[in-house]
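To start, the structure under review is shown below, and the notes come after it.
Since this is a predicted model, take the numbers as computed values, not measurements.
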Amino acid sequence: MTRVVPPVAVGTRRGVLSFWDLVALFLVLGFVVLLAETGRELLRPLPKPGVTAVILDPRMLPAYAARTTLRMLAAMVMSLFFTFTYATWAAKSRRAEVVLLPILDILQSVPILGFISVTVVFFMSLAPGLMLGAELAAVFAIFTSQAWNMAFSFYQSLRTIPEELTEVARSYRLNPWMRFWRLEVPFAMPALVWNMMMSMSGGWFFVVASEAISVGGTTVTLPGIGSYIALAIERRDLGAIGWALAAMLVVILTYDQLLFRPLVAWAERFRFEREAGLPPPRSWVLTTLTRSQLVAQATAPFRAAWRWTYRAASRSHNRRRTTATHERIVRGIDRLWHPVAIVAAAAALWKVVQFVSTGVPPAEVGQAFLCGLATMARVFVLLAIASVIWVPIGIWIGLRPGAARFAQPAAQFMAAFPANLFFPFVVSTIVAFRLDPNIWLSPLMILGTQWYILFNVVAGAASIPSELRDIATNLRLRGWLWWRRIALPAVFPFYVTGAITASGGSWNASIVAEVASWGQDRLQAYGLGAYIAAATEAGDFHRVVLGIAVMSVFVVVLNRVFWRPLYRHAERKFRLA
């Protein structure tokens, strides 16, 4: 049925604002005012030593929440840029893949405290004495908790594009730039949006560490929900923690309405397979933006410029010719690439060994590896438990779009729940019942990372082709046979992607989980996370680098020996194409 345009919408062209124009105007103006207020704070001087930048007054929480929200949004923009460049390069170049994926494994394994301890002085030096330098350090720290998961997801999507879509792109002679934006990004968008939500929640998990930075004698506290929680824990103020929890809930729901729900509704148009008869997800923000004539007029120049890039890339692609000289150069680069990469890695390893050996006795290296074995055991046990719980639940949710829309904000909130907020209950329980911290602190490691498994399995189950489901129904596959032949093989590549990220995130989370404090009570488990946390607190950079290097070795070896072969097996055997 043809849709009749309301007269008021047509009247916009004569200067009359429609309802959607007014809503869009209020949204844009509100965001601009928020940016202006926060930008003014960036040029203020840092608080003097001994002056607290945060107070436990609930009336200050809206301002703190706005500051934290914009930091996380800035980090998300950086993560998207990193994802579209780094993951694309790794997926399309076999030569680059052998270097970029190990680097991504190492970056994912480096604890956020490791990034903070190394980069805080650099960012502070960019704007001496101003809040801007500390804000840049906080945004970069949050970026390190978001980017790796999104990059892995996008890489996995690019490697699993169905062959028929690739043939269509060839038939239309799309140049690489058009193919990227017309095929690859749209195909990856549904899974990427889910992982963006997961990455945003992962940023909440580490927001305490990014806003309350303490490295040796350098202490930087930024106004925000994270620093508010850190001060509440230090003062054992349960009321303040309750107010912080309420503020987090409001912010997460706001993010869901203004950002992620519109993205989910928008990305639904790019889903390769849709369930027939189900209504598409809706968003009032997306409806406002698509129906507003003001938004259409304001974005018209950008759309024109974007279409011009397609034409320019097409002309450049047509002029390009492959010559014999070009092929010889490419073959020469291929032959030199691996030796150059090996030499660079050896030089970096030598610099790390040289730096660590000047401040750490050789016997302590073995102790650090024993700590790593203890943390590795915790990671594997917790991943196994989380997989048994969340894989069936994720498949059930992914096969029911209505349940997925209901579960999305709930899962976001649970994933965003920082482990620090459990410290009062966990520490008090362990002290009261005299429990072993090596066992009972371990679940804190998986609180923020188990959701990587859930979100990826949900995305995988939602992408199961309807034809495959119909075949299973016609053949009357039920019970364990349906799980073994249909559900588990279909989601297995997505599960491996989530498990790889959850594994790296659990190693990262060990620095928070293996050391828990509540006021004067402090508990510590034996592990590599506790080792790095203690070295960071003491400002001992030699031991910080040793701990990060050992953790990177564990993660990279596990990925090379276990996770990557499992991923290649999943990609080869269970690819839906």
Inset, instruction - Begin from the C-alpha positions of V295 and T299 and carry the test side-chain contact (heavy atoms from CB on, under 4.5 Å) through to its verdict. - result: CA-CA 6 Å; V295 172; T299 57; 4.3 Å; yes
Inset, instruction - Evaluate the criterion side-chain contact (heavy atoms from CB on, under 4.5 Å) for residue pair M78 and T144; output intermediate values, then yes/no. - result: CA-CA 10 Å; M78 293 173 54; T144 62; over 6 Å; no
Legend entry - Chi angles and distances behind the side-chain contact (heavy atoms from CB on, under 4.5 Å) call for L528, M376: CA-CA 9 Å; L528 192 56; M376 182 181 69; over 6 Å; no
Legend entry - Verdict with reasoning, F187 to L158, per side-chain contact (heavy atoms from CB on, under 4.5 Å): CA-CA 8 Å; F187 177 80; L158 294 184; over 6 Å; no
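Without hydrogens or angle criteria, Y155 side chain to T83 main chain gives no donor-acceptor distance under 3.5 Å. Put simply, the side chain of S153 never gets that close to the backbone of N149: no donor and acceptor are under 3.5 Å apart. Using modelled atom types, one side-chain atom of S227 and one backbone atom of G224 make a donor-acceptor pair closer than 3.5 Å. Looking at Q146, its side chain never comes within 3.5 Å of a backbone N or O of S79 through a donor-acceptor pair. A donor-acceptor pair is defined here as one N or O able to donate and one able to accept, closer than 3.5 Å; no such pair exists between the side chain of S93 and the backbone of A90.
The distance from atom CG of L286 to atom CG of L263, rounded to the nearest 0.5 Å, is 9.0 Å. Taking CG of L61 as the reference point, atom CD1 of I225 lies at 6.5 Å (rounded to 0.5 Å). Atom OG1 of residue T69 and atom CG of residue L258 lie 10.5 Å apart, to the nearest 0.5 angstrom. The structure places CD1 of I395 at 10.5 Å from CZ of R400, a figure rounded to the nearest 0.5 Å. Distance check: F562 CZ to N559 CG gives 10.0 Å after rounding to the nearest 0.5 Å. A distance of 7.0 Å separates CD1 of I393 from CD1 of I389, quoted to the nearest 0.5 Å.
Of the N and O atoms on the side chains of S442 and R378, at least one donor lies less than 3.5 Å from an acceptor on the other residue.
The two residues P190 and A267 have their closest heavy-atom pair at CG-O, 3.7 Å. Among all heavy-atom pairs drawn from P262 and V285, the shortest one is CG-CB, 3.7 Å. In plain terms, the two heavy atoms of A374 and G527 that are nearest each other are CB-CA, 4.5 Å. Of all the heavy atoms in I446 and S506, the pair that sits closest is CD1-OG, 3.6 Å. Here the shortest heavy-atom pairing between A386 and Q450 reads CB-CB, 4.0 Å. The nearest pair of heavy atoms linking A151 to L104 is CB-CD2, 4.1 Å.
Between E211 and R71 a salt bridge is recorded (basic side-chain N to carboxylate O distance below 4.0 Å). Salt bridge absent: E97 and K92 never bring a charged side-chain N and a carboxylate O closer than 4.0 Å.
Of the options L441, T375, I532, a side-chain contact (heavy atoms from CB on, under 4.5 Å) to E514 is made by T375 and by none of the others. Test V250, D256, V251 against T254 for side-chain contact (heavy atoms from CB on, under 4.5 Å) and you get one pass: V250.
Less than 6.0 angstrom separates the ring centroid of F123 from the ring centroid of F140. A centroid separation of 6.0 Å or more is found between the aromatic rings of W148 and W507.
Taking the six-membered ring for Trp and thresholds of 30 and 60 degrees, Y64 and Y228 have ring planes inclined between 30 and 60 degrees apart. Below 30°, between 30° and 60°, or above 60°: for W266 and F270 the angle between ring planes is above 60°, a perpendicular geometry.
For F380, the CZ atom is densely surrounded, since the number of other residues' heavy atoms within 6.0 Å is greater than 12.
Side-chain contact between W284 and Q257 is present, with heavy atoms from C-beta onward closer than 4.5 Å. Considering only heavy atoms from C-beta on, W390 stays 4.5 Å or farther from V457 through its side chain. For the pair V379/S503, a side-chain contact is recorded, criterion being any heavy-atom separation below 4.5 Å from C-beta on. Looking only at side-chain heavy atoms (C-beta outward), F84 and F154 come within less than 4.5 Å of each other. In this structure, L183 and L165 have side chains that are in contact, with non-hydrogen atoms separated by less than 4.5 Å. For the pair F492 and T497, the minimum side-chain heavy-atom distance is 4.5 Å or more. Contact check for I241 versus L245: no side-chain heavy atoms found under the 4.5 Å cut-off. Counting heavy atoms from C-beta on, the side chains of Y495 and N456 never come closer than 4.5 Å.
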